[in-house]
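Proteins come first, then strands; the chains are lettered A, B, ... in the order of their sequence lines, and each starts at number 1. Computation of the quantities below employed the complete heavy-atom set of this structure, encompassing side-chain atoms and omitting hydrogens, waters and symmetry-equivalent molecules.
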2 protein chains.
Amino acid sequence: MTVQNSKKATIYDLSVLSGASASTVSAVLNGSWRKRRISTETAERILSLAKAQRYTTNLQARGLRSSKSGLVGLLVPVYDNRFFSSMAQTFEAQARLRGLSPMVVSGRRDPDEERRTVETLIAYSIDALFIAGVTDPDGVHQVCARAGLPHVNIDLPGKLASSVISDNRNGAEVLTSAILRHAAQGGALVPDDVVLFGGHDDHASRERIAGFHAAKDAFFGIESQNDIEITGYSPRMTELAFERFFAREGRLPRCLFINSSINFEGLLRFMGRHDEAVFANIVAGCFDYDPFASFLPFPVYMAKPNISAMLEKGFELLEAAPVHPVVTIIEPQLIPPRTALEGPLDDIRDPVPASRIPAPTS
Amino acid sequence: MTVQNSKKATIYDLSVLSGASASTVSAVLNGSWRKRRISTETAERILSLAKAQRYTTNLQARGLRSSKSGLVGLLVPVYDNRFFSSMAQTFEAQARLRGLSPMVVSGRRDPDEERRTVETLIAYSIDALFIAGVTDPDGVHQVCARAGLPHVNIDLPGKLASSVISDNRNGAEVLTSAILRHAAQGGALVPDDVVLFGGHDDHASRERIAGFHAAKDAFFGIESQNDIEITGYSPRMTELAFERFFAREGRLPRCLFINSSINFEGLLRFMGRHDEAVFANIVAGCFDYDPFASFLPFPVYMAKPNISAMLEKGFELLEAAPVHPVVTIIEPQLIPPRTALEGPLDDIRDPVPASRIPAPTS
DNA sequence: CATTTTTGCACAATCGATGGTGCAATAACC
DNA sequence: GGTTATTGCACCATCGATTGTGCAAAAATG
């Protein structure tokens, strides 16, 4: 039954109610009161008053005054795949652990949109930005640099800012070896049976292609070629690439390296248009992890980037603020087929019902 | 080669540079200048100056003054499944269309965390909140109500605030009919072959259970019972429910209704521990859509909530601000097995490479 | 030409918090 | 008991925008 009239309480309200000045109230509420030699009595009085009045700090006002905001941004291309949504989830948890408020936005792989989006974040005075999966890292970097905004690249190489990236080269090599070994059990392979789909002219793709070739060349003992179908990060283009291949060869390659889960969705579309028999004998490797993909009707190996380690390292880099850009490489994890890993979902505590519940009386 | 010293330009800087007063500059920059009878000349002069100086509005200052922020929140339980991540993606697009900045946060199905998270959003003076998939809608509602924050429930029923929900009842009925029909092709079914896994004591689950029973009862002509395995929204609990069932019956039910993709992940974990033969003869229905799930080794029917329509309606409700809470019901879509729908990913314009690219010279 | 109207803008208060500075009252000290 | 230190807090400028109000100068009107 505390006093509760519609509007939100401010430090001035508490100031009047407590008889203390606004600056005293402010100091008490933001924790700087010891430094300001406010007596414990006064502090406690104000704190209990604040609780009674349900005071909460107006973060826009604080942010304006201190030219900070407590916001950290994460820029991703899109949310709706397991890699980036899982990154968003982990990012949120890690940001909150550090007392920051996460703000996740997508740039949709459009350089203009990426820049505009970041500019909006800057207009809200965000304190730092994590940049993941953008088309134009340097453009974004410039926007950040102009605003003096600390930022790190995640899973992107950066000459201009520090970066944390997956070991695409080695991860792809390990992944390729795994699918080659698996496929070889089904009969002798030839180089033409092993094809990479997806990717782009970006650092990650180039590294993955290099790893793919390294493993393949080692396996066959020759230098392979004409085995890369570039599609960009587009399900549609990937689907078309599969259709082209299929029209040309009358079958899929026995051994598929798929550059990312987004490209994998292109394969799904292809699957939707073709008989299951087409996929009876293939083995796939995908650089990304999706639990449902792991249980498809053919063996799917995946390389799961260590998102949590990448973000953790990203926060460290922001705190350390090295003078020169630093690149940190983090190993992805090879996930064998039919594996459902635990994830952020498992941390949530969902009440476990004691018993079955009846259906409603319709 | 415009003047560009490190710090950000403010209206005062532009005021000095332009010879106009700060209020004039402000009016020009926020578009209210016609109303304030600023001459077009002056406006243009200031606008070009602003461009040259790369002026951007400090949104914290604006927000403080106008006690708005341009932020809209979306509260989800978790991001990392296709339903909520797709919702986040759609939400972001729709918010931006309306000139708002989306802020997506997760409450992790913890009533306390939900409230705290919303309080943080309120502290940033968000303008409106979309509430999706929370455990304690009424608790969140109270927090919003106290702050005078407009809000709508998405896919949640609400007596206290307006809601947009999927037609869980009918969607489940249609979904159940579909899997029954499919499974019946594999031989005569008995009621015990048809079981629902997942869910909770919440509105959506109750409705889905009702729809499930309606379809099942109509199919068999009797009232069925003992066919619901409640697990909460937890992969772990769902896995255990499958293990229990399997230990008891020595097989899975031929016809599975899975309450959500989160519960489906529980089935995946079960799958990881059992031979493929266990799944040879089953048909699944899942209330949620995930493209990868659609291509599992057994037929999977899905009911895809119409996220975009729900959010659209949510924005309408916020604008209309009806005096009494309104509930809008939106039909989900039945998705047959082996279907890879297009999604937000397809809107992004990813440059299509002209040709194959070479691997890097390692 | 005198008066009213309109145009074009400047002034100043304000949003809610922060933090440097100053100043009484009390305590400590010789 | 007089002087210096310390304690405890209030005052006030400030962050960058918004907006109600006021007032000259120019234009319109009779």
Side-chain angles (χ1 to χ4, degrees), chain A residues 7-47 49-50 53-71 120 122-127 147-148, chain B residues 7-47 50 53-71 122-127 147-148:
Chain A
K7 291 296 99 191
K8 300 205 62 180
T10 71
I11 52 169
Y12 299 100
D13 300 329
L14 297 185
S15 161
V16 171
L17 289 171
S18 68
S21 76
S23 63
T24 299
V25 173
S26 169
V28 168
L29 293 171
N30 68 27
S32 71
W33 56 279
R34 300 217 88 102
K35 228 171 19 214
R36 292 190 134 249
R37 299 188 320 228
I38 309 294
S39 71
T40 309
E41 289 172 78
T42 309
E44 279 169 358
R45 187 161 40 91
I46 292 177
L47 283 173
L49 204 64
Q53 298 292 319
R54 302 180 168 286
Y55 171 85
T56 55
T57 308
N58 181 322
L59 295 177
Q60 302 213 71
R62 169 180 292 172
L64 173 59
R65 185 57 239 257
S66 52
S67 58
K68 289 199 258 166
S69 65
L71 296 168
T120 305
I122 290 174
Y124 282 108
S125 309
I126 60 167
D127 297 339
Chain B
K7 291 295 98 194
K8 300 206 62 181
T10 70
I11 53 170
Y12 300 100
D13 300 329
L14 298 184
S15 161
V16 171
L17 289 170
S18 68
S21 76
S23 64
T24 300
V25 174
S26 169
V28 168
L29 293 171
N30 69 27
S32 71
W33 57 279
R34 300 217 88 101
K35 226 170 23 212
R36 291 189 137 254
R37 298 186 321 225
I38 309 294
S39 71
T40 308
E41 289 173 78
T42 308
E44 278 169 359
R45 187 161 38 92
I46 291 176
L47 283 172
Q53 299 293 318
R54 302 178 170 286
Y55 170 86
T56 56
T57 308
N58 181 323
L59 295 177
Q60 301 214 72
R62 168 180 293 174
L64 174 58
R65 183 60 239 256
S66 51
S67 57
K68 289 200 259 166
S69 65
L71 296 168
I122 291 174
Y124 282 108
S125 308
I126 59 168
D127 297 340

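- Rounded to an integer number of Å, the gap from CZ of A:R36 to C1' of C:dG20 is 7 Å.
- Of all the heavy atoms in A:S69 and A:S125, the pair that sits closest is OG-O, 2.6 Å.
- Between B:R65 and B:T42, it is B:T42 whose nearest contact on DNA chain C lies nearer the 5' terminus.
- Comparing the start and finish of the helix from C:dC1-D:dG30 to C:dC30-D:dG1, five pairs each, the helix axis swings through 40°, to the nearest 10 degrees.
- B:S23 comes within 4.0 angstrom of a nucleotide base, judged by non-hydrogen atoms across all strands.
- If you measure from atom NZ of B:K8 to atom C1' of D:dG16, you get 11 Å, rounded to the nearest angstrom.
- Atom CZ in B:R62 sits about 19 Å away from atom P in D:dC15, given to the nearest Å.
- The CD atom of A:Q60 sits 11 Å away from the C1' atom of D:dA17 (whole-angstrom rounding).
- Of the residues in residues 26-35 of chain B, B:S26, B:N30 come within less than 4.0 Å of DNA chain D through at least one heavy atom, sorted by number.
- Of the candidate nucleotides C:dA17, D:dT21, D:dA17, D:dA17 has the atom lying nearest to any side-chain atom of B:T10.
- In the set D:dA17, C:dA17, D:dG8, the nucleotide with an atom closest to the side chain of A:I11 is C:dA17.
- Distance A:E41 CD to D:dG8 P: 9 Å, rounded to the nearest Å.
- Base contact: B:R37 has a heavy atom under 4.0 Å from a base atom.
- Between the C1' atom of C:dT18 and the CG atom of A:L59 lies a distance of 13 Å, rounded to the nearest Å.
- The listed nucleotides are C:dG20, D:dG16, C:dC9; the one nearest the side chain of B:I38 is C:dC9.
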